[in-house]
Amino acid sequence: MYRTIQTRTGLTVPVTITNTGRDRAAYTAEVKITGPQGFEAVLHVGTNGAPLYPGTSRPTELTATDPGKPVPSDPTITVTRVTRTPDEG
């Protein structure tokens, strides 16, 4: 992951999914963002079922919001789950 970008209403969280395996596979992941004063958001990211070749990556950005909570300037970001689905084709 990269440094988050703080906006007035949320956080932009850049994420890169990389296939470090030996075969093509699709990925999904859950990312939790927390901060002071109760900020908490859970984001889901994936390759939308499209498999990645070994050694390739897919960058993306997600937006984390928690209405009514202040946007943290130094959030804690945790990848809480990763699912790898081997390509059957």
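In this text, all values refer to a predicted model and were calculated from it rather than measured experimentally.
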Original post:
Between the main-chain N or O of E30 and the side-chain N or O of T80, is there a donor-acceptor pair closer than 3.5 Å?
Top reply: yes
Original post:
Backbone N or O of T16 within a donor-acceptor pair of the R58 side chain at under 3.5 Å?
Top reply: no
**OP:** List for me each residue that meets side-chain contact (heavy atoms from CB on, under 4.5 Å) alongside S73, sequence neighbours excluded, and say none if there are none.
**Re:** Q6
Original post:
Mind checking whether E88 and R24 have side chains closer than 4.5 Å, heavy atoms only?
Top reply: no
**OP:** Drop me the distance from T4's OG1 to L11's CG, to the nearest 0.5 angstrom.
**Re:** 5.0 Å
Original post:
Checking T28 side chain against G46 main chain: does a donor-acceptor pair fall under 3.5 Å?
Top reply: no
**OP:** List in chain and number order the residues that pass side-chain contact (heavy atoms from CB on, under 4.5 Å) with T34, two or more places apart in sequence or in another chain; answer none if no residue qualifies.
**Re:** K32, E40, T76
Subject >> Results of side-chain contact (heavy atoms from CB on, under 4.5 Å) for P70 - residues two or more places apart only >> reply: Q37
Subject >> I77: which of L43, V15, V31 passes side chain to side chain contact (heavy atoms under 4.5 Å, CB included) >> reply: V31
Original post:
Out of curiosity, D87 CG to T47 OG1, how far, rounded to the nearest 0.5 Å?
Top reply: 10.0 Å
Subject >> Transitive ILVMFWY side-chain link I33 to V82, under 4.5 Å >> reply: yes
**OP:** Could you state whether V79 and L52 fall into the same hydrophobic cluster, counting links through intermediate Ile, Leu, Val, Met, Phe, Trp or Tyr residues with side-chain heavy atoms under 4.5 angstrom apart?
**Re:** yes
**OP:** Could you give me the CA-CA distance, side-chain angles and deciding distance for T7 and V71, then say whether side chain to side chain contact (heavy atoms under 4.5 Å, CB included) is met?
**Re:** CA-CA 8 Å; T7 67; V71 179; 5.8 Å; no
Original post:
Which pair of non-hydrogen atoms, one from A64 and one from F39, has the smallest distance, and what is that distance?
Top reply: O-CZ, 4.0 Å
Subject >> 4.5 Å side-chain heavy-atom contact, D23 and P86 >> reply: no
**OP:** Please step through side-chain hydrogen bond (donor to acceptor under 3.5 Å, both in side chains) for the pair N19 and Y53, ending with a clear verdict.
**Re:** CA-CA 7 Å; N19 182 351; Y53 283 94; over 6 Å; no
